[in-house]
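Okay, here's the structure, questions in a sec.
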Amino acid sequence: MLHVINPEEEIIKGQFSADTSFLTLYPVAVQEARPFILVLPGGGYEYLASHEGEPIVRWLNELGIHAGVLEYQVGDFEITSLLEDVEHALQWVRQTPKDWPVIPEQVGLIGFSAGGHLASIVATRGSEKPNLLLLGYPVISFHGSYTHIGSRTHFLGEQPTQKQVQAFQKNHYVQVKQPLPTRLFIAGDSTAAQKGAAEKPMTGWGEHLQSYLGPSVHVDNRAVNGRSTKSFIAEGRLADIEKDFRAGDYLFIQFGHNDEKKKIRPVIRILMGSIVKTSFNTSNPLVSVAGFRCC
């Protein structure tokens with residue numbers, strides 16, 4: 001059974017039944033939709049490790065990502081009920097209206113140790129799967145010397161059958177069911193770069209592009225504040241993109257106010273600039289500036 005704890009809400013967990021999992025929310029104070037990552041701490045299915053919960057979501061918040069910690073059932077629990085709680089948490093994040101909107105196609109799951117095992121089960125067998133799976137030193141195998149005995153014992157009991165062990169052997173369930181997504185890389189300056197929560201309301205167009213694209217396209221934004229074409233190349237950033245590039249990928253390049261505009265090669269150059277800019281000191285928040293022009 002899932003119980004959602006809203007920010008600033010105080011509850012007495014002892015008043016709830018033992019089969020209750022608690023989802024504690026840590027949203028970022030922004031108006032636009034952001035990704036969300038659900039954190040599953042470890043603890044061998046016996047307890048929940050505090051250092052793998054709140055410190056992780058606080059770090060995600062610093063990156064401008066909504067997050068939550070699921071204090072899932074441990075000790076004496078039904079496996080089906082436990083898995084349902086994780087799926088219900090993902091479903092709640094995607095579907096429930098909130099003051100802090102979430103991009104439903106960008107809901108991730110991160111698990112540590114036994115929490116990594118739980119996350120991997122949901123990601124490979126659940127009906128409500130995450131869009132992104134991150135595993136930190138997970139318990140993956142329940143076989144012999146490769147397993148963590150405490151996690152296996154609390155999950156399956158003292159003497160699990162071979163069928164039970166095989167059913168939750170997650171490295172045997174990873175399958176590629178569809179082609180890898182097309183990737184769209186962005187090389188640019190502050191006009192495209194991702195901004196942290198502390199920099200708001202300043203924003204770059206690159207951090208919003210993913211919300212206009214389907215799951216078949218993944219935006220990899222490498223833009224950095226204060227960079228010019230020359231410094232971006234000199235720091236090896238373009239070379240790093242080239243290393244990751246594969247057939248079918250796209251590279252969007254935008255540099256402007258940090259560059260000296262010199263004609264180097266006989267190509268058609270298009271200088272891209274904002275049509276309007278935001279003003280925080282006037283009654284009119286949008287101020288018209290130069291649009292697109294070709295030189």
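The model shown is predicted, which means the values in this text are computed figures rather than measured ones.
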Can you name the closest pair of heavy atoms from L133 and S120 and give their distance?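 Heavy atoms of L133 and S120 come nearest at CD2-CA, 4.4 Å.
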For D220, which residues count as a side-chain hydrogen bond (donor to acceptor under 3.5 Å, both in side chains) partner, sequence neighbours excluded?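 Checked D220 against side-chain hydrogen bond (donor to acceptor under 3.5 Å, both in side chains); matches are R222.
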Evaluate the ring planes of F22 and H3, with Trp represented by its six-membered ring, and classify them as parallel (under 30°), tilted (30 to 60°) or perpendicular (over 60°).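 Aromatic pair F22/H3 classed perpendicular.
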For the CD atom on E235, are there more than 12 heavy atoms of other groups (residues, nucleotides or ligands in this structure) within a distance under 6.0 Å?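 Count over threshold, so yes.
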How many angstroms lie between CD1 in I56 and NE2 in H51, if you round to the nearest 0.5 Å?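 The NE2 atom of H51 is 8.0 Å from CD1 of I56, to the nearest 0.5 Å.
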Residues that Y137 engages under side-chain hydrogen bond (donor to acceptor under 3.5 Å, both in side chains), provided they are two or more places apart: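 By the side-chain hydrogen bond (donor to acceptor under 3.5 Å, both in side chains) rule, Y137 matches E52.
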Applying salt bridge (Lys or Arg N to Asp or Glu O under 4.0 Å), which residue pairs with at least one partner in residues 85-102 are found, sequence neighbours left out?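 Qualifying pairs, neighbours excluded: R94-E128.
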Gap separating the CG atom of L63 from the CD1 atom of I37, nearest 0.5 angstrom: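 Spacing of CG (L63) from CD1 (I37) equals 8.5 Å.
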Side chains of V69 and Y26: does their closest heavy-atom pair fall under 4.5 Å?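 Yes, close enough: below the 4.5 Å cut-off.
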Name the orientation class of the two ring planes belonging to F77 and Y45 (parallel below 30°, tilted from 30 to 60°, perpendicular beyond 60°).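 The rings of F77 and Y45 sit tilted, inter-plane angle from 30° to 60°.
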Hphob cluster co-occupancy, V93 + I103, side-chain heavy atoms under 4.5 angstrom: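 Shared cluster, no.
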From L70 CG over to I5 CD1, what is the distance, rounded to the nearest 0.5 angstrom?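 Nearest 0.5 Å value for the CG-CD1 distance: 10.0 Å.
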Shortest non-hydrogen contact from A33 to V102?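 Heavy atoms of A33 and V102 come nearest at CB-C, 4.1 Å.
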Between the main-chain N or O of G126 and the side-chain N or O of K129, is there a donor-acceptor pair closer than 3.5 Å?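 Flag set: sc K129 to bb G126 pair under 3.5 Å.
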Report the C-alpha separation of E105 and Q210 in whole Å, then their side-chain angles, then the decisive distance to 0.1 Å, and conclude whether the side chain to side chain contact (heavy atoms under 4.5 Å, CB included) test is met. CA-CA 9 Å; E105 298 82 16; Q210 184 69 67; over 6 Å; no
Closest heavy-atom contact between A192 and N221?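 Scanning both residues completely, I find the closest heavy atoms to be O-ND2, 2.9 Å.
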Taking the side chain as everything from C-beta on, heavy atoms only, tell me whether L90 gets closer than 4.5 Å to V122.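 Yes; the side chains approach each other to less than 4.5 Å.
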Measuring from atom CD1 of I186 to atom CD1 of I253, what distance do you get when rounded to the nearest 0.5 angstrom?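 Answer rounded to 0.5 Å: 11.5 Å.
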Distance from L23 atom CG to W92 atom CH2, nearest 0.5 Å?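 Here the interatomic distance stands at 6.5 Å.
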Around atom CD of Q31, are there more than 12 heavy atoms from other residues, nucleotides or ligands closer than 6.0 Å?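 No - once you tally the heavy atoms of other residues, nucleotides and ligands closer than 6.0 Å, there are 12 at most.
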With R58, which residues qualify under side-chain hydrogen bond (donor to acceptor under 3.5 Å, both in side chains), at least two apart?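 With neighbours one apart ignored, the set is E54.
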Under a single-linkage definition using a 4.5 Å side-chain heavy-atom cutoff for Ile, Leu, Val, Met, Phe, Trp and Tyr, are L118 and Y47 assigned to the same hydrophobic cluster?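 Result: no, two separate clusters.
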Validation row: S113, V139 side chains within 4.5 angstrom (heavy atoms):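 They are in contact (side-chain heavy atoms under 4.5 Å apart), so the answer is yes.
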Examine I11 and M1 and state if one hydrophobic cluster contains both, with Ile, Leu, Val, Met, Phe, Trp and Tyr joined whenever side-chain heavy atoms are less than 4.5 Å apart.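 Different clusters: I11 never reaches M1 through Ile, Leu, Val, Met, Phe, Trp or Tyr contacts under 4.5 Å.
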Residue pairs involving residues 18-27 (criterion salt bridge (Lys or Arg N to Asp or Glu O under 4.0 Å); sequence neighbours excluded):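 Checked against salt bridge (Lys or Arg N to Asp or Glu O under 4.0 Å) - neighbours excluded - no pair reaches residues 18-27.
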Under the criterion side chain to side chain contact (heavy atoms under 4.5 Å, CB included), I'd like the reasoning laid out for F252 against V219: C-alpha separation, chi angles, the key distance, then a yes or no. CA-CA 10 Å; F252 284 13; V219 176; over 6 Å; no
Verdict with supporting geometry, V28 and H66, side chain to side chain contact (heavy atoms under 4.5 Å, CB included): CA-CA 5 Å; V28 180; H66 298 312; 3.7 Å; yes
Indicate the atoms forming the closest heavy-atom contact of L38 with A89, along with that distance.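 That closest heavy-atom pairing would be CD2-CB, 3.9 Å.
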Has the side chain of N131 got a donor or acceptor atom that lies under 3.5 Å from a matching backbone atom of V107?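 Yes, N131 side chain to V107 backbone: donor-acceptor pair under 3.5 Å.
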Once rounded to the nearest 0.5 Å, what's the spacing between atom CD of Q73 and atom CG of L48?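 With rounding to 0.5 Å, CD (Q73) is 11.0 Å from CG (L48).
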Name all residues meeting the salt bridge (charged side-chain N to carboxylate O under 4.0 Å, His left out) criterion together with E84; count only those two or more places apart in sequence or in a different chain, and write none if there are none.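 In terms of salt bridge (charged side-chain N to carboxylate O under 4.0 Å, His left out), with neighbours along the sequence ignored, E84 is linked to no residue.
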Would you name the heavy atoms of T182 and G248 that are closest together and state the gap between them?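 Answer, listing the atom of T182 first, then G248: CG2-O, 3.2 Å.
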Atom of P27, atom of W100 and distance for their closest heavy-atom approach: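 Shortest heavy-atom contact: CB-CD2, 3.2 Å.
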Tell me, with the steps shown, if V39 and F112 meet side chain to side chain contact (heavy atoms under 4.5 Å, CB included). CA-CA 8 Å; V39 179; F112 299 90; 4.2 Å; yes
Is any side-chain heavy atom of Y72 less than 4.5 Å from a side-chain heavy atom of P41?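 A side-chain contact exists here, since the closest heavy-atom pair is under 4.5 Å.
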